[in-house]
Amino acid sequence: MTNEELHTNFLKAFEKASNTKIQLPPDIMLHFYAYYKQATHTEEIGFYIPSGSSELRNAFKLNALFQVKNLTPDEAKLKYIELVNTYITD
């Protein structure tokens with residue numbers, strides 16, 4: 001798959017995930033979150049810090065981000081697409 005095809009498939013997967021009515025378990029949602037952030041975070045210096053008012057929720061998000069920190073953006077896009085294909089069938 002070329003970079004352009006990967007990007008196009010990633011955007012389609014993101015749109016599908018964004019528009020689904022399926023209620024996914026929180027642990028799966030964290031995978032979606034982490035892969036998306038890893039795929040789209042372009043800042044070369046630093047690490048993405050989750051925002052939000054809930055410290056507990058931010059801790060879970062941060063843990064999910066640590067688990068994918070070694071993936072390249074392209075690898076994260078592929079993982080995101082796989083998640084969509086696995087969990088979102090509508």
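One-based numbering along the sequence shown. Hydrogens, waters and symmetry mates are skipped; everything else that's a heavy atom, side chains included, is used.
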Identify the heavy atoms of [X] and [Y] that sit nearest to each other, and give their distance.
| X | Y | answer |
| --- | --- | --- |
| Ile22 | Ile88 | CD1-CA, 4.0 Å |
| Asn70 | Glu75 | O-OE1, 4.0 Å |
| Tyr35 | Val68 | CE2-CG1, 3.5 Å |
| Ala76 | Ala39 | CB-N, 3.7 Å |

Do [X] and [Y] sit in one hydrophobic cluster, given that two such residues count as connected whenever their side-chain heavy atoms are within less than 4.5 Å of each other, even indirectly?
| X | Y | answer |
| --- | --- | --- |
| Met29 | Val84 | yes |
| Leu24 | Ile81 | yes |
| Phe66 | Tyr36 | no |
| Leu62 | Phe60 | no |
| Tyr33 | Leu56 | no |

Quiz item: More than 12 foreign heavy atoms under 6.0 Å from CD of Glu55: is that the case here?
Solution: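 Open: at most 12 neighbouring heavy atoms sit under 6.0 Å from CD of Glu55.
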Quiz item: Quick check: are there more than 12 heavy atoms from other residues, nucleotides or ligands sitting under 6.0 Å from NZ of Lys61?
Solution: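 Yes, the 6.0 Å shell around NZ holds more than 12 heavy atoms from other groups.
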Please report the interatomic distance [atom1]([X]) to [atom2]([Y]), rounded to the nearest 0.5 Å.
| X | Y | atom1 | atom2 | value |
| --- | --- | --- | --- | --- |
| Asp74 | Leu6 | CG | CG | 5.0 Å |
| Thr20 | Glu15 | OG1 | CD | 12.0 Å |
| Ile28 | Phe32 | CD1 | CZ | 7.5 Å |
| Asn85 | Glu82 | CG | CD | 8.0 Å |
| Tyr80 | Leu11 | OH | CG | 10.0 Å |
| Lys77 | Leu71 | NZ | CG | 13.0 Å |

Quiz item: For Ala59, does its backbone N or O pair with a side-chain atom of Asn63 as donor and acceptor, under 3.5 Å?
Solution: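 Checking the backbone N and O of Ala59 against the side chain of Asn63, no donor-acceptor pair under 3.5 Å is found.
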Quiz prompt | Any donor-acceptor pair under 3.5 Å from Ser18 side chain to Phe14 backbone | solution =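 Side chain of Ser18 to backbone of Phe14, a donor-acceptor pair under 3.5 Å: yes, one is there.
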Quiz item: Going through the distances and angles, do Leu65 and Gln38 end up as a side-chain contact (heavy atoms from CB on, under 4.5 Å)?
Solution: CA-CA 7 Å; Leu65 291 170; Gln38 187 69 10; 5.5 Å; no
